[in-house]
Amino acid sequence: MDFAGAYSWPNLRYLLEGFLVTLEVAALAILLSFVIAIIVAIIRYTKIPVLSQLLFLWVEMIRNLPLLLIIFFVYFALRDVGIKLGVFSAAVVGLTIFESAMISEVVRSGLMSVDKGQIEAARASGLTYGQALRYIILPQALRRMIPPIVSQFISLLKDTSLAIIIALPELMHNGQVIYNTNYSYVIPILLLIALLYFVVNFSLSLIARRLEHSR
């Protein structure tokens, strides 16, 4: 195990460049999937005819497919119909599709956990159904969803490593490039990769705990 060689500045810089790509992909996918998940969950919660049934089928289909297959499909299969995405865009789209379906179930469960009598009380006070949902139900549901949603975000960050299969230059990909040049770098590089993942994910866990205790 050559720690000194593995942790040379060129190697560390290359690894950190990959880590930055990992964080960028994760941040974009988290933002997009959260927005889509809320929209999907609200439509299913309000039981809009036809649309809610179609979204139910979409969510169940995506949730029961491997994320790796979705990334493959987005990057390779869409090319056959003229949609050519770069590796970065394909990784973001694939993760967003998968995570939005997963998170939508968390959001919908949170909405269902709020007593529906509160909607009736809000309507009786003069609010429309949409206003009651926006100002009364959704805020309460989001506070209850903090732990499972953050847990899903942590999973999303770790799942970015699957994009190595389409050669996205993220953390795992760049780490593999480094230790392929010298076998004695394998353990030092993997230990550093594990540490980087741990620091970010543990920080997210601490934030989730603080938010949960402060609600």
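If you read the sequence from its start, that first residue is 1, and numbering goes on from there. Worth saying up front: this structure is predicted, and the values here are computed from it rather than measured.
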Close side-chain approach of [X] and [Y], heavy atoms under 4.5 Å:
X: Leu162; Y: Phe72; value: no
X: Phe153; Y: Pro148; value: no
X: Arg44; Y: Val59; value: yes
X: Val25; Y: Glu170; value: no
X: Phe3; Y: Tyr185; value: no
X: Ile71; Y: Phe98; value: no
X: Ile154; Y: Ser151; value: no
X: Val186; Y: Tyr183; value: yes

Check for me, please, whether [X] and [Y] land in the same ILVMFWY cluster - side-chain distances under 4.5 Å, paths through other members count.
X: Leu78; Y: Leu168; value: yes
X: Leu57; Y: Ile36; value: no
X: Leu68; Y: Ile166; value: yes
X: Leu157; Y: Leu195; value: yes
X: Leu156; Y: Val93; value: no

Inset, instruction - Determine whether more than 12 heavy atoms belonging to other residues, nucleotides or ligands lie under 6.0 Å from atom CD1 of Ile187. - result: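 Atom CD1 in Ile187 is not packed in, count stays at 12 or less.
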
How long is the span from the [atom1] atom in [X] to the [atom2] atom in [Y], to the nearest 0.5 Å?
X: Leu28; Y: Ser33; atom1: CG; atom2: OG; result: 10.5 Å
X: Leu204; Y: Ile149; atom1: CG; atom2: CD1; result: 13.0 Å
X: Leu51; Y: Ile43; atom1: CG; atom2: CD1; result: 4.5 Å
X: Leu67; Y: Ile62; atom1: CG; atom2: CD1; result: 10.0 Å
X: Ser8; Y: Arg13; atom1: OG; atom2: CZ; result: 9.5 Å
X: Asp159; Y: Met102; atom1: CG; atom2: CE; result: 9.0 Å

Given 3.5 Å as the limit, does a donor-acceptor pair link the side chain of [X] with the main chain of [Y], or not?
X: Gln176; Y: His173; value: no
X: Asn11; Y: Tyr7; value: no
X: Asp2; Y: Ser184; value: no
X: Ser89; Y: Gly86; value: no
X: Gln140; Y: Ile136; value: yes

Inset, instruction - Starting from the C-alpha separation in whole Å, work towards a yes-or-no answer on side chain to side chain contact (heavy atoms under 4.5 Å, CB included) for Val107 and Tyr45. - result: CA-CA 10 Å; Val107 177; Tyr45 175 77; over 6 Å; no

Legend entry - Mutual orientation of the aromatic rings belonging to Phe198 and Phe202 [parallel < 30°, tilted 30-60°, perpendicular > 60°]: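 It falls in the parallel class, under 30°.
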
Inset, instruction - Output yes when Arg63 and Glu99 qualify as a salt bridge under the 4.0 Å nitrogen-oxygen rule, no when they do not. - result: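 Looking at Arg63 and Glu99, the cut-off is not met.
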
Legend entry - Side-chain donor-acceptor pair present, Ser113, Arg144, cut-off under 3.5 Å: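 A pair is found: one side chain offers a donor N or O, the other an acceptor, under 3.5 Å apart.
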
Which heavy atom of [X] sits nearest a heavy atom of [Y], and at what distance?
X: Tyr197; Y: Ser161; answer: OH-CB, 3.6 Å
X: Met145; Y: Gly110; answer: CG-CA, 4.0 Å
X: Ser104; Y: Ala37; answer: N-CB, 3.5 Å
X: Gln53; Y: Ile48; answer: OE1-O, 3.9 Å

Legend entry - Derivation of the side chain to side chain contact (heavy atoms under 4.5 Å, CB included) call for Val150 and Ile207: CA-CA 9 Å; Val150 172; Ile207 292 171; over 6 Å; no

Inset, instruction - Tell me, please, whether Tyr75 has Arg79 positioned over its six-membered ring: NZ or CZ under 6.0 Å from the ring centre and within 45 degrees of its axis? - result: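 Positive - Arg79 is close enough to the ring of Tyr75 and near enough to its axis.
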
